[in-house]
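Have a look at the structure below before the remarks.
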Amino acid sequence: MSIALFTLGGTIAMGGVDPGRAGVVNRLTGADLTAAVPGLDELDLPLDVRDTHAVPSAHLTYRQLLDVVDAASRAVAAGATGVVVTQGTDTLEESAFLADLVWPHAAPLVFTGAMRNPTLAGPDGPANLLAAARVAGDPAARDLGVLVAFADEIHAARWVRKTHSTSTGTFASPNAGPVGHVIEGRVRVLARPPRREPLPPLDPARLDATRVALHTVTLDDDGWPLDRVADTHHGLVVAAFGVGHVPAVLAPVLGALAERIPVVLTSRTGAGSVLRHTYGAVGSETDLRRRGLLDGGLLDPYKAKVLLRLLLAAGAGREEIAAALTRHG
């Protein structure tokens, strides 16, 4: 029995300054990372360290992340108690949600990273890695799906957001709060959200060929970038104002698109749900649903985009997409 650790680069793995460039670069291997964590060698389970995709998280692709999930799944099948993945924080919320949609195991899959690299005073990577390893090895974390361990908080991948560009307490779950904490080295799970059935296996080639656009609505937005989106993309996520509103001039544009491709309505606010039938003006959530937009519920735009792309890649039709949005949103 062990904890499998997959390292994907990012701030947590930046360990030196390249004289030919400005700023830090990826230098640390998984062995380097674990050697820098006091107390990691005192865990009940040993770490099985595997280096892969040592790139900034902005460079990661769906295909690479699904490869990591597959490797993590094989590690669990071979006897690993849990899995930790370290990566950059820029896309960590999307990576964790993507993994959560397909993770079939009771064993914990825990994502973590760092906001301060090891060359700075007070780097947070060692503490985050230690907390993630503790969560991955604890029976209390089983059957919770994919988790994010950061700043001694445990978040469900379905709810977590990166909320600050530099703070070490950047990860939060605005709609639900953390599902647990790591306190004095002890994993305390306070909430157990029900698991959802994982999505079916995907054809990598079909996934690569599936494109989903994201449009954030802004003041006086006439939607001109959307004119040809249905010719180039298979789906669209709209990050609308507040509870799901757009300018009146944009409503017919989105309605016309919804006749050609799935269009999912979400909120750009960062927390809360789009509504369904509270407001009735042109461009309101009621009007947009009448025009064929699909209700994203509590899903933020980035998670809605991940879910929609996986569904489209699996060949899901409109009714299946609507049902999946109801389950996940």
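Count residues from 1 along the sequence. Computed from heavy atoms alone, side chains included, the values below leave out hydrogens, waters and symmetry copies.
The backbone N or O of T61 sits less than 3.5 Å from a side-chain atom of Q64, completing a donor-acceptor pair. Judged purely by atom type and a 3.5 angstrom limit, R188 has no side-chain atom pairing as donor or acceptor with the backbone of I183. No side-chain donor-acceptor contact under 3.5 Å links R50 to the backbone of A72. With hydrogens and angles disregarded, no donor-acceptor distance shorter than 3.5 Å links the side chain of D48 to the backbone of I3. Judged by distance alone, the side chain of T266 and the main-chain N or O of G296 form no donor-acceptor pair under 3.5 Å. The backbone N or O of T166 sits nowhere less than 3.5 Å from a side-chain atom of T170 that would complete a donor-acceptor pair.
With sequence neighbours excluded, the residues forming a ring-ring contact (aromatic ring centres under 6.0 Å, His included) with H245 are Y279, listed by chain and number. Not counting sequence neighbours, the partners of A131 by the side-chain contact (heavy atoms from CB on, under 4.5 Å) test are D152, V182.
By the neighbour-count criterion of 12 heavy atoms within 6.0 Å, atom CZ of R211 is sparsely surrounded, having that number or fewer from other residues, nucleotides or ligands. Within a 6.0 Å sphere centred on CZ of R318, heavy atoms belonging to other residues, nucleotides or ligands number more than 12. Within 6.0 Å of CG in D220 there are 12 or fewer heavy atoms belonging to other residues, nucleotides or ligands.
Linking ILVMFWY residues whenever their side-chain heavy atoms come closer than 4.5 Å, directly or via other members, leaves F241 and V264 in distinct clusters. Residues V102 and V160 share a single hydrophobic cluster, defined by chaining ILVMFWY side chains whose heavy atoms lie under 4.5 Å apart. Both V55 and V85 sit in one connected hydrophobic cluster of ILVMFWY residues. Membership requires side-chain heavy atoms under 4.5 Å apart, directly or through other members. Hydrophobic clustering (side-chain heavy atoms under 4.5 Å, transitive across Ile, Leu, Val, Met, Phe, Trp, Tyr) keeps L310 apart from L236. In the hydrophobic cluster analysis, where Ile, Leu, Val, Met, Phe, Trp and Tyr join through side-chain heavy atoms closer than 4.5 angstrom, L312 is grouped apart from V238.
No side-chain donor from either of T11 and N117 sits under 3.5 Å from a side-chain acceptor of the other. Between H215 and D221, the side chains place a donor N or O and an acceptor N or O closer than 3.5 Å (distance only, hydrogens not considered). Using modelled atom types and a 3.5 Å distance limit, the side chains of T29 and D32 yield a donor-acceptor pair. Side-chain atoms of T210 and H234 form no donor-acceptor pair, as typed in the model, at a separation below 3.5 Å.
When all heavy atoms are compared, the tightest approach of R116 to A121 is CD-O, 3.8 Å. The shortest non-hydrogen separation linking A271 to P174 is CB-CB, 3.6 Å. Heavy atoms only, all atoms of each residue included: A107 and T81 are closest at CB-O, 3.4 Å. Of all heavy-atom pairs between P46 and M1, the closest is CD-O, 3.5 Å. Among all heavy-atom pairs drawn from V237 and P301, the shortest one is CG1-O, 3.7 Å. Across every non-hydrogen atom of A281 and D287, the tightest pair is O-CB, 3.4 Å.
Side-chain contact between V263 and L288 is absent, with no heavy-atom pair separated by less than 4.5 Å. Using a 4.5 Å cut-off on side-chain heavy atoms (C-beta onward), F171 and E153 make no contact. Proximity of L65 to H53: side-chain heavy atoms (C-beta onward) are nowhere separated by under 4.5 Å. Side-chain contact between D300 and F97: absent, with no pair of heavy atoms (C-beta onward) separated by less than 4.5 Å. Here the side chains of E93 and K303 are in contact, with some heavy-atom distance below 4.5 Å. Two residues are said to be in side-chain contact when any heavy atoms from C-beta on lie closer than 4.5 Å; P247 and V217 meet this criterion. By the 4.5 Å heavy-atom criterion applied to side chains, P108 and R142 are counted as neighbours. Here the side chains of W159 and L298 are not in contact, with every heavy-atom distance at 4.5 Å or above.
By the 4.0 Å N-to-carboxylate-O rule, R63 lies close enough to D208 to be salt-bridged with it. Using a cutoff of 4.0 Å between basic side-chain nitrogens and carboxylate oxygens, D90 and K162 are scored as salt-bridged.
When each of V110, I12, L8 is checked for a side chain to side chain contact (heavy atoms under 4.5 Å, CB included) with T86, only I12 meets the rule.
Here the CZ-CZ distance, from R134 to R186, works out to 13.0 Å after rounding to the nearest 0.5 Å. Within the model, atoms CG of L92 and NE2 of H155 stand 11.0 Å from one another, a figure rounded to the nearest 0.5 Å. The CG atom of L254 lies 6.5 Å from the CG atom of L226; values are rounded to the nearest 0.5 Å. The line from CG of D124 to OG of S167 is 9.0 Å long, rounded to the nearest 0.5 Å. Distance check: L33 CG to L5 CG gives 7.5 Å after rounding to the nearest 0.5 Å. One finds the CG atom of L109 at 5.0 Å from the CH2 atom of W103 (value rounded to the nearest 0.5 Å).
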Using side-chain contact (heavy atoms from CB on, under 4.5 Å), reason through L308 and L294 one step at a time and then give a plain yes or no. CA-CA 11 Å; L308 182 57; L294 301 171; 5.9 Å; no
Could you walk me through whether R290 and T286 pass the side-chain contact (heavy atoms from CB on, under 4.5 Å) check? CA-CA 6 Å; R290 189 184 307 120; T286 304; 3.6 Å; yes
Please test T278 against E285 for side-chain contact (heavy atoms from CB on, under 4.5 Å), starting from the C-alpha separation and ending with a verdict. CA-CA 8 Å; T278 296; E285 80 285 352; 3.7 Å; yes
Trace of the side-chain contact (heavy atoms from CB on, under 4.5 Å) decision for V274 with D295: CA-CA 7 Å; V274 293; D295 177 13; 3.0 Å; yes
